[in-house]
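Below is one structure; the comments refer to it alone.
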Amino acid sequence: MVATRAGSPLNYVLKETFLYQGAFRRTRTRRKVERDDVQLSSRIDSLLQRLHDDRMVSETFPDRAPCRRLLALTGRIFSPAKTGGERRRGTGQQGVHDEPERMTAARPTLPLARSIMMTFQTKTLLMLSLHLLIPCSSAAATYTNHTRAISPAVPCLPDQAAALLQLKSSFSITNESMAAFDSWKAGEDCCRWEGVSCGDADGRVTWLDLGDCGLESGQLDPVLFKLTSLEYLNLGGNNFSLSEIPSTGFERLNHRMFFFFPIYRGSLDAIGGRKPVSKMISPKQQINILIFLLCSYAIHSDTAAQHDTAVHCRPDQASSLLRLKASFIGTNLLPSWRAGSDCCHWEGVTCDMASGRVISLDLSELNLISNRLDPALFNLTSLRNLSLAYNDFLGAALPASGFAQLTNMIHLNFSYSSFSGQIPIGIGSLKKLVTLDFSRNYGLYFVKPSFQTVMANLSNLRELHLDDVNILSSRSSWSVILADNTPQLEILSLSQCGISGSIHSSFSRLRSLKIIDLSVNWELNGKVPEFFAELSSLSILDISGNSFEGQFPTKIFHLKSLRTLDLSMNTDLSINLPEFLDGNNLETLSLTWTNLPYHTPSSFANLKSLKSLAISTTGTSKELLPSLIGELPSLKELEMWGSEWSLEKPVLSWVGNLKQLTDLTLGSYNFSQSTPSWIGNLTSLATLEMWGCNLSTSIPHQIGNLANLTSLRFEDCDFFGQKIPSWIGNFTKLRDLRIDNCGLSGPIPSTIGNLTQLEYLIIRSNDQLNGKIPQLLFTLSGLKYEVIGNQLSGSLEDIPSPLTSSLSSIDLSDNQLSGPIPKSFFQLTNLNYLNLGSNKFIGSVELSFVWKLKNLDLLSLSNNLISLIDDEGETILLASCKLTKIPGTLRYLDAISHLDLSSNQITGAIPSWIWENRTYQLKTLNLSHNMFTTVEQSPSLVNMTYLTYLDLSFNRLQGSIPIPVTASSEIALDYSNNHFSSIIPNFGIYLENASYINLSNNKLSGHLPSSICNASKAIIMDLSGNNYSGSVPACLTGSVNLSVLKLKDNQFHGVLPNNSREGCNLQSIDVNGNQIEGKLPRSLSYCQHLELLDVGNNQIVDSFPFWLGTLPNLRVLVLRSNKFIGTIRGLKGGYQNSDQFTRLQIIDLASNHLSGNIHSEWFEHFQSMMKNDNDEGEILEYDTKVNAKGSYQDITAVSYKGGMLTFTKILTTFKLIDLSDNSFGGPIPKSLQKLVLLRGLNMSYNALIGEIPPQLSSLTQVESLDLSWNKLSGEIPPELTSLTSLASLNLSYNNLTGRIPQGNQFGSFSNSSFEGNAYLCGKPLSKQCDTPGSTSRNASATSETSSFWQDKLGVILLFFFSGLGFTVGFILAVWFQSFFHIERWTHKH
């Protein structure tokens, strides 16, 4: 016998027989009753209610103590049925094998209650009572587990299948009963048939539920009695005409436990003849029968219980459970778990009472918190069902060993439990596993062991849920692995797992698949397999958010079992909608962001069962949509999207006719010219969402008429300048209100206080929203979550009755709130999240008040004007709080997982207790921007097992860098801008999981240790600003994971490794300021994602790298101060392509040896300098993959406005060309006029000739223009005065002549902009101009004379040296003239 949570198998009977409140009363009163019947019914209710009282039982049945067990019964009869979510709490999932639960949830039969109300022969009633007295057995565990999706690991035996098929043939199949036998097919595992469940070890049928199936038969086929292991039988709610109940056969069935629910419906022939159902038993008889039956069962139950309790929970099992309890953080947890009591009766525990061992442990959804999974769990070696779902293990790693001891495990559910790290190898030893669920543990991953290794022995697996678990190994072979190792798989959920590649043909062997969810795996590509259409049981297919391409197989639409199909967000997937036949069962269809045809077939209206539709209207027939969608009678949820790139001006008024809609989502529509007032017609709406829509004219007031709204959401909409309408207070049923980044202004209306049902409120990123926060918001009793981040000001008022408030989360960060923080905020007993950072609060806060908030997980008071009074929370964010020391009380807060003390004024040493006291707790630690000088004890290694983020940057730390020893799957480390001088040589082996490593601007020296190559998962590595020497390690440039490599300002020498390869992910390479030699490695052409390449200030000798033009994303190219030689002509030869350098925004070739004319067509390739890209205004930055760190931003230094300027943020709007300090000749190309977005142009210190093109006036955004130290002649074009953005102009040291133009910016330039041009005149020069034109002529004549004598000099030199021989003389003459030119150039410098 097995004890369930309530301690008795009686509870199971009750769950199956009395499911909802008042079932007895509703059944009895289906016919009209007389007044006395009503009174008697009331007496029945009263009696059953009073049975809750022990004294009542004693008084009514003084000699029948067993009837006390009726207490449990009455508690179930008159309690509401559990909802589906509550019933599923045992596993966190509802499996496809959960047939008993499905039966009770979808078509409750109430067999016992109905039977009592029907007309029966006395003998029939006696039979029922006798069956209730059949002895119980340990099989009760099976019944309990049936409600938790327990299904057998061993296939059905052939004799069992044959018996069931013969039983099926004895029934007359009606239209109603046909569906019940859809799955009953010869040759298939009968344990998976509808209504059938088998034993876990022997494949025998233990459960047969054919209740309410519309079966008709004249006899009960004796083949039923071949199912000798039956423990549950339900034939209720069918139509039998039995001349007699079989007198033999029942004795062959399982004597341990058997429930036979008498048959009814239509007629019942039993023992003595037929009586019509319409003839009811009198109410007085009814209560007597009920008490008789219940007491009969109670007698047996009490006897069984005495037998059951003979074996209690084993002491070792109880001890292990108590150790597990002790590992949870908090008090008053699991109150039934008390030492000395029988653990088989503890919450969540189920035992095998024959042995006293725990076989099921269900602690799901108990809000337990722990920083580890205690190994004591692995002492429970008989466990078959283990669920820790929906608890918080604070990112703890799963134990590397222990799981292999749980060899009996069938169902394992760790979903939503905040575990991280490697999936242990022991999971692969659980060969009996039927269900495995690690979903939504964002830090879990497969590497060593690999996904293939873990799955190799799980051949009995039927449900696999790994959503958000990162499959780092076997990413592209996942489908082959599953096909080879899990042949019985029925449910597969791999959403956001990082799987890639195409689905292999071997995947078609998984014929039992019912649910496939492969959503949001962006590298999953190829064609959607045709064999999906052959999966006859497939009910859910979700491949959204992937990169599938080609034609979607139309046959999939015709799968009879298919209920949900989500193809959205596959932009290269073409879909041709088929001709839908009548009877199509699709209920959910999502086709947004796919390639839909223009024409929608008229048969679309045949989707009569469709309840939810998501579709993009761009490119579809606007004329057909209203008629087709309008004819879908079951449609409740509609989601429509316009064009993502240019807002579509829709005609959607027809949607207002869909009065049955309860959910409406609209995205990317322009309603500026046609306000969607028709929304007000949809009075049944419970949910309204609008994303990226333009409602700049007005928010339709008709929305205020939607009295049934429970959720209202506006995201990234354009409401610019509008106020939150006062009618927002009309939604008295609203529970969820979100207005995010919509440009609203003005105050929050006080009517928002009318939303008495509001639970979630998010109003943020509306920069013009101002005024005070209405106090009424804090009086809403149901409000749990509040985020208001805008420009709100004023002081906060006290929260009324904070001790009884339900507020659990408050985020008022990034506003302009001022005044002191009310003390009532620290009296909110349910508060777990409080963020008041980045405001203007003043005064002081006593930390002793904060520590009283026992549920507090996160506290942020950062960036205010407050002071803290140091007299316990998990996350403490006290950045910019003017702290001069670390609060002492933090030392005793062992549960802290996130600590941020950045941007204070804390000095001295970083105390070692920060990590020593919380080795297993600390996840993020930010001590940056302080004045720390040392780390206490100067450790080289620090144990912080679950650390994901460490930031010690911008301090004054010296000595050795402390490297954390962590088991986290990803970690970000920032030690930049300190005085660290050493690091342990093998530091790389501790950084294998580091995704972000920043050691820049320290005093590290010597060769870079080879152990750096162990940091193979690094995405961003910044070692710049140190004294590293030697060659650049080849493992860095050859990495396929690295996105950013910064080595600038060191002493690296030698050549750059030429080992970049296919799959290179480098986006930014900066080796500026080293001693790199040789040529640029041509293998960089494999780095197709490269955006920035800076090799400036080295000793590279090469020609201009035209081949870099093939990189489609290159934005910044810095080659300055090297030894590049040759010419820059048009992109000819093998590089002539219209796509060359099209995204280049900064090109710096200054201080090289480049020469020759600059061909005009060269500039015509710089498309990003001519027109705006879609990403204009963005910053060149890179994701660190660690939320706490955020993004990493590129830095570059360029010559701008007369000096070197370092840009710490590179905006995509900044465009610059620097060709200075070379030997370029010829005229300035007129094609420069096309680069209208140019901000800076520097062509100084060259040999350019000719006039300044007046077309340069087209560069309307140019701010810095430097053409100095060339040979430019002619007048300064007066058109240049139209350049009103020009802040720096340098035309000095040329041969310019004439009057300096006046007007606009030219009036602000000094002498230095024009000096060195002898024949320029006018302001700002002191030289005044003569009569108009005279200066020009004189200057022209002088210029010609100068040119004449320069030419004469060449001739004289040639004749002078010709005596040495013509060839030698010619060379010397050219050299001599060049020498004087160089001397002149040097003098000018």
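Between the K1079 side chain and the V1101 main chain, no donor and acceptor come within less than 3.5 Å of each other. In terms of modelled atom types and a separation under 3.5 Å, the side chain of N955 and the main chain of L957 share no donor-acceptor contact. Judged by distance alone, with hydrogens and angles left aside, the side-chain atoms of N1222 form no donor-acceptor pair with the main-chain N or O of S1155 at under 3.5 Å. Between the N993 side chain and the S995 main chain, no donor and acceptor come within less than 3.5 Å of each other. Proximity of a side-chain donor or acceptor of N926 to a complementary backbone N or O of S902 within less than 3.5 Å is not detected. Counting only distance, with no hydrogens or angles, the side chain of S547 and the backbone of W522 share a donor-acceptor pair below 3.5 Å. For the pair N470 (side chain) and G443 (backbone), a donor-acceptor distance under 3.5 Å is absent. Judged by distance alone, with hydrogens and angles left aside, the side-chain atoms of Q1167 form a donor-acceptor pair with the main-chain N or O of E1164 at under 3.5 Å. The closest donor-acceptor contact from the side chain of Q422 to the backbone of P449 lies under 3.5 Å. Side chain of N998 to backbone of S1000: a donor-acceptor contact under 3.5 angstrom is found.
In summary, of the residues considered (N1001, L1004, I963), a side-chain contact (heavy atoms from CB on, under 4.5 Å) with Y975 occurs for I963 alone.
A distance of 10.5 Å separates OG in S1151 from OH in Y1245, rounded to the nearest 0.5 Å. Note that CG of N1290 is 8.5 Å distant from CG of N1242, once rounded to the nearest 0.5 Å. In this structure, CG in D974 is found 9.0 Å from CG in L999, a value given to the nearest 0.5 Å. The distance from the CD atom of Q1067 to the CG atom of N1065 is 7.5 Å, given to the nearest 0.5 Å. With rounding to the nearest 0.5 Å, the separation of OG in S1011 from CD1 in I989 is 7.0 Å. With rounding to the nearest 0.5 angstrom, the CG atom of N977 is 10.5 Å from the OG atom of S928.
With salt bridges taken as basic N to acidic carboxylate O contacts below 4.0 Å, none links K1046 and D1094. Ion pairing of R475 with E523 is present here, as a side-chain N (NZ or NE/NH1/NH2) and a carboxylate O approach within less than 4.0 Å. Under the 4.0 Å criterion applied to side-chain N and carboxylate O atoms, K1017 and E992 are not assigned as salt-bridge partners. Ion pairing between a basic and an acidic side chain is recognised when a charged N comes within 4.0 Å of a carboxylate O; D1221 and R1120 show no such pairing.
Side-chain contact between I984 and L941 is present, with at least one heavy-atom pair separated by less than 4.5 Å. Side chains of T1127 and L1154 form no contact here, defined as non-hydrogen atoms less than 4.5 Å apart. The side-chain heavy atoms of Q1261 and L1238, taken from C-beta on, include no pair separated by under 4.5 Å. Counting heavy atoms from C-beta outward, F1104 and L1119 have side chains that approach closer than 4.5 Å. Within the 4.5 Å cutoff, the side chain of F1106 has no heavy atoms near those of the L1108 side chain. Put simply, the side chain of N930 does not reach to within 4.5 Å of the side chain of Q905, judged on heavy atoms. Two residues are said to be in side-chain contact when any heavy atoms from C-beta on lie closer than 4.5 Å; H1053 and I1076 fail this criterion. Using a 4.5 Å heavy-atom threshold, the side chains of S1005 and Y1028 count as separate.
Using modelled atom types and a 3.5 Å distance limit, the side chains of S1039 and N1041 yield no donor-acceptor pair. Side-chain contact annotation: E936 with S912, donor-acceptor N/O pair under 3.5 Å present. Checking S1083 against N1058 by side-chain atom types alone, a donor-acceptor pair falls below 3.5 Å. Using modelled atom types and a 3.5 Å distance limit, the side chains of Y1200 and E1263 yield a donor-acceptor pair. In the model, N1246 has no side-chain atom that pairs as donor or acceptor with a side-chain atom of N1270 under 3.5 Å. The closest side-chain donor-acceptor pair between S1231 and S1160 falls under 3.5 angstrom. At a cut-off of 3.5 Å, with distance as the only test, a side-chain donor of T924 or H898 sits close to an acceptor on the other residue. In this model, no donor atom of one side chain and acceptor atom of the other lie less than 3.5 Å apart for R956 and N978.
Scanning all heavy atoms of the two residues, the minimum distance from A1197 to T1206 falls at CB-OG1, 3.8 Å. Heavy atoms only, all atoms of each residue included: S1268 and D1266 are closest at OG-OD1, 2.7 Å. Of all heavy-atom pairs spanning Y949 and I971, the tightest one is N-CG1, 4.1 Å. The two residues S1288 and K1201 come nearest to each other via the heavy atoms OG-CA, 3.6 Å. Taking both residues in full, the closest heavy atoms of D1102 and R1082 are given as OD2-NH1, 2.8 Å, listed atom of the first, atom of the second, then distance. The heavy-atom pair separating A1018 from I997 by the smallest distance is CB-CD1, 4.3 Å.
Within a 6.0 Å radius of OH in Y1086, other residues, nucleotides and ligands contribute 12 heavy atoms or fewer.
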>> If you apply the rule side-chain contact (heavy atoms from CB on, under 4.5 Å), what do you find for F1163 with I1217, and how did you get there?
In response: CA-CA 10 Å; F1163 293 114; I1217 296 176; 3.8 Å; yes
> For H1165 and F1141, what are the C-alpha separation, side-chain angles and deciding distance, and is it a ring pair (Phe, Tyr, Trp, His ring centres under 6.0 Å)?
Replying inline: CA-CA 6 Å; H1165 293 271; F1141 295 112; 8.1 Å; no
>> As a quick check of understanding, evaluate side-chain hydrogen bond (donor to acceptor under 3.5 Å, both in side chains) for Y1192 and D1022, giving each step before the final call.
In response: CA-CA 10 Å; Y1192 175 90; D1022 190 344; 2.8 Å; yes
>> I'd like to know whether V1198 forms a side-chain contact (heavy atoms from CB on, under 4.5 Å) with I1146, so could you lay out the CA-CA distance, the side-chain angles of the two residues, the decisive distance to 0.1 Å, and finally the verdict.
In response: CA-CA 9 Å; V1198 295; I1146 296 176; 4.2 Å; yes
>> Applying side-chain hydrogen bond (donor to acceptor under 3.5 Å, both in side chains) to S1068 and D1194, what does each step give before you reach the verdict?
In response: CA-CA 8 Å; S1068 179; D1194 254 327; 2.9 Å; yes
> Where do Q1193 and L1180 land on the side-chain contact (heavy atoms from CB on, under 4.5 Å) test, with the steps shown first?
Replying inline: CA-CA 6 Å; Q1193 296 177 347; L1180 290 192; over 6 Å; no
> What's the verdict on side-chain contact (heavy atoms from CB on, under 4.5 Å) for L1149 and I1128, showing C-alpha distance, side-chain angles and the deciding distance?
Replying inline: CA-CA 11 Å; L1149 307 181; I1128 296 180; 3.3 Å; yes
